[in-house]
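Below, chains carry the letters A, B, ... as their sequence lines are ordered, and counting in each starts from 1.
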Amino acid sequence: GDSVTQMEGPVTLSEEAFLTINCTYTATGYPSLFWYVQYPGEGLQLLLKATKADDKGSNKGFEATYRKETTSFHLEKGSVQVSDSAVYFCALSDRNSNDYKLSFGAGTTVTVRA
Amino acid sequence: DAGITQSPRHKVTETGTPVTLRCHQTENHRYMYWYRQDPGHGLRLIHYSYGVKDTDKGEVSDGYSVSRSKTEDFLLTLESATSSQTSVYFCAISPSLRTGELFFGEGSRLTVL
């Protein structure tokens, strides 16, 4: 079945450092790919998405490019802030499936220190 | 913010007791989901609904049942709670299969002693 594998955390960075969180996927169809973020004590919220190969999703300074050749959707931010401390989840959905379900990775905890 | 309310937000119960978690939405979205979140496992789908009285199982449905008698409410029931069901439960809603975007509630933390 469809699945997502993302790098294990936790990740600890200093403010203004570069952040990369790796995500690779396995899918039989043509998935859409997502990054969700969970701030402390809150539910998940969509950070960005890409629906086809070579699409780049971006939001709040974060970017991720849908790479079909490497089945990857790595999340990057050039200069993190303390407010970026959160848990980040990579996810996919199979757009050709009649059952709409998102498959999530295990999540990566990111802590940014001042 | 999407109008999703989960109740209760926190609950402590004992093994063998029934528990019902409620998800209420004011968005009139068709699709509703129950996930559980556990360390090292991310989010795992328990059950989902694609309309009133239309539900289906997710990957970890054993020990759980759901009901959706109205568009706005999706109930998750643990008939006889076990310690392995200690978790944080999230409800999510979506208007369409096409967008792929879910809107999540704030979660319900359940502890089974």
Side-chain angles (χ1 to χ4, degrees), chain A residues 1-10 21 23-25 27 29-52 55 57 59 64 66 73 86-110, chain B residues 1-7 9-10 21 23-25 27 29-51 54-61 66 74 87-109:
Chain A
D2 296 351
S3 65
V4 169
T5 303
Q6 63 181 103
M7 65 183 284
E8 295 184 11
I21 304 175
C23 172
T24 57
Y25 68 89
Y30 302 91
S32 293
L33 301 173
F34 307 85
W35 278 100
Y36 279 79
V37 59
Q38 184 182 30
Y39 298 106
E42 300 182 8
L44 281 72
Q45 55 185 276
L46 180 66
L47 180 60
L48 54 84
K49 69 178 183 180
T51 58
K52 61 183 187 294
D55 268 2
N59 187 23
Y66 187 163
F73 192 55
V87 183
Y88 293 83
F89 294 90
C90 187
L92 70 80
S93 70
D94 183 355
R95 291 178 291 126
N96 289 330
S97 171
N98 290 326
D99 293 331
Y100 173 59
K101 290 175 280 190
L102 278 187
S103 297
F104 286 88
T108 302
T109 300
V110 173
Chain B
D1 290 343
I4 310 170
T5 305
Q6 291 185 229
S7 59
R9 295 289 314 281
H10 301 273
L21 304 180
C23 179
H24 178 77
Q25 61 146 328
E27 305 297 319
H29 286 347
R30 177 180 177 184
Y31 302 93
M32 299 186 75
Y33 306 81
W34 277 108
Y35 285 89
R36 60 178 289 175
Q37 182 179 24
D38 304 289
H41 292 280
L43 268 74
R44 293 180 291 176
L45 182 64
I46 306 171
H47 282 279
Y48 65 104
S49 170
Y50 44 95
D54 291 324
T55 64
D56 206 349
K57 297 179 180 180
E59 61 182 300
V60 290
S61 60
V66 291
F74 192 34
S87 186
V88 180
Y89 292 86
F90 285 97
C91 175
I93 64 176
S94 177
S96 168
L97 290 178
R98 291 178 55 199
T99 66
E101 181 174 0
L102 300 185
F103 299 93
F104 283 82
E106 294 185 326
S108 296
R109 181 175 295 276

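For Tyr88(A), the ring-ring contact (aromatic ring centres under 6.0 Å, His included) partners are Phe62(A), not counting sequence neighbours. For Glu8(A), the side chain to side chain donor-acceptor pair (under 3.5 Å) test picks out no residue, with sequence neighbours left out.
With hydrogens and angles ignored, the 3.5 Å screen pairs a side-chain donor or acceptor of Tyr36(A) with a backbone N or O of Leu102(B).
Between the CG atom in Leu102(A) and the CD atom in Glu101(B) there is a gap of 10.0 Å [rounded to 0.5 Å]. For the atom pair CZ (Phe104(A)) and OH (Tyr35(B)), the distance works out to 4.5 Å, reported to the nearest 0.5 Å. Separating the CZ atom in Phe104(B) from the CG atom in Leu46(A) is a distance of 9.5 Å, to the nearest 0.5 Å.
There is no contact between Glu59(B) and chain A, counting heavy-atom distances below 4.5 Å. Tyr50(B) does not touch chain A: none of its heavy atoms, backbone or side chain, sits under 4.5 Å away. With a threshold of 4.5 angstrom between heavy atoms, Gln38(A) approaches chain B through side-chain atoms but not through N, CA, C or O.
Heavy-atom contacts from other residues, nucleotides or ligands closer than 6.0 Å to CZ of Arg9(B) number more than 12.
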